[in-house]
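Have a look at the structure below before the remarks.
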Amino acid sequence: MAGTFSSLRRTYLIFYNWLLFLGWSQVFYLAVKALKTSGHESVYAAVEKPLILAQSAALLEILHSLTGIVRSPVFATLPQVSSRLYVTWGILYSFPEIRSHFFVGSLVISWSVTEIIRYSFFGFKEAFGYAPSWLLWLRYSTFLLLYPAGISSEVGLIYNALPYMRESGKYSIRMPNKMNFSFDYYYNALLILGFYVPGSPHLYGYMLGQRKKALSKNKSE
């Protein structure tokens, strides 16, 4: 039984990782093409569908961590996935006014390059039991630049969406109502921006620790 579960788990993760690798490769290709031909204003329109699909599929990674299918801790997976989903659905999808912003291009490039490397790395690990040393280096080194670029873009887009949140009142619930409950999407966004301040350095520090451990282990082998 254990052997059957292990085989099914491996087959599933191989399929999952390489499928997401292809999805993010498409996002990257379309983003670069749009940047070359039309500029950053057209990036979102070019990548919207594959971006939403690829990013939404990451919800499964929280489930993977919770069920033990992968060894990634939930405390590291949850904030990263949830923040990206928030920016994808709660900001870019919800407020078309900011889709032509410069930060969309830097966000999509940062996300897609990071994920192309990450999913191919895990795809190799699951399929062959190892990843090439150059891919391991990329996996644990490119985030040094891509993570700050991605986080800065996320924060920039949330900040630039604030006036449209306040003006439109979108997703806000006003009193009085039958539920006797109120919710302000604008102030919720401010709260989320506040979480980026302690959360981003903490996650960056965690990834630095993982980098040191992975690269030192690779040298010893």
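Note that the numbering runs from 1 along the sequence shown for the chain.
Applying the ring-ring contact (aromatic ring centres under 6.0 Å, His included) criterion to Phe122, with sequence neighbours excluded, gives no partner residue. Under the rule for a ring-ring contact (aromatic ring centres under 6.0 Å, His included), the partners of Tyr93 that lie at least two apart in sequence or sit in another chain are Trp89. For Arg166, the salt bridge (Lys or Arg N to Asp or Glu O under 4.0 Å) criterion is met by no residue, not counting sequence neighbours. Phe21 pairs by the ring-ring contact (aromatic ring centres under 6.0 Å, His included) definition with Trp18, not counting sequence neighbours. Residues passing the side-chain hydrogen bond (donor to acceptor under 3.5 Å, both in side chains) test with Tyr16 are Glu61, sequence neighbours excluded. Tyr12 pairs by the side-chain hydrogen bond (donor to acceptor under 3.5 Å, both in side chains) definition with His64, not counting sequence neighbours. Among residues two or more places apart in sequence or in another chain, the side-chain contact (heavy atoms from CB on, under 4.5 Å) test is passed with Ser141 by Trp137, Arg211, Leu215. Ser106 pairs by the side-chain hydrogen bond (donor to acceptor under 3.5 Å, both in side chains) definition with Ser153, not counting sequence neighbours. In this structure His40 satisfies the side-chain hydrogen bond (donor to acceptor under 3.5 Å, both in side chains) test with no other residue, sequence neighbours excluded. Remark: Tyr206 pairs with Phe75 by the ring-ring contact (aromatic ring centres under 6.0 Å, His included) rule, at least two apart or across chains. A search for salt bridge (Lys or Arg N to Asp or Glu O under 4.0 Å) contacts involving Arg84 returns Glu115, not counting sequence neighbours. With sequence neighbours left out, Arg174 forms a salt bridge (Lys or Arg N to Asp or Glu O under 4.0 Å) with Asp184.
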Practice item. For ring-ring contact (aromatic ring centres under 6.0 Å, His included), just list the numbers for Tyr147 and Tyr204, CA-CA rounded to whole Å, side-chain angles, deciding distance to a tenth of an Å, and then say yes or no. Key: CA-CA 8 Å; Tyr147 182 78; Tyr204 194 70; 5.6 Å; yes
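Here the closest non-hydrogen pair linking Ala31 and Ile109 is CB-CD1, 4.0 Å. Nearest heavy atoms, Ala57 versus Leu20: CB-CD1, 4.0 Å.
Ionic pairing of Arg9 and Glu126 is present here: one or more N-O contacts between side-chain nitrogen and carboxylate oxygen are shorter than 4.0 angstrom.
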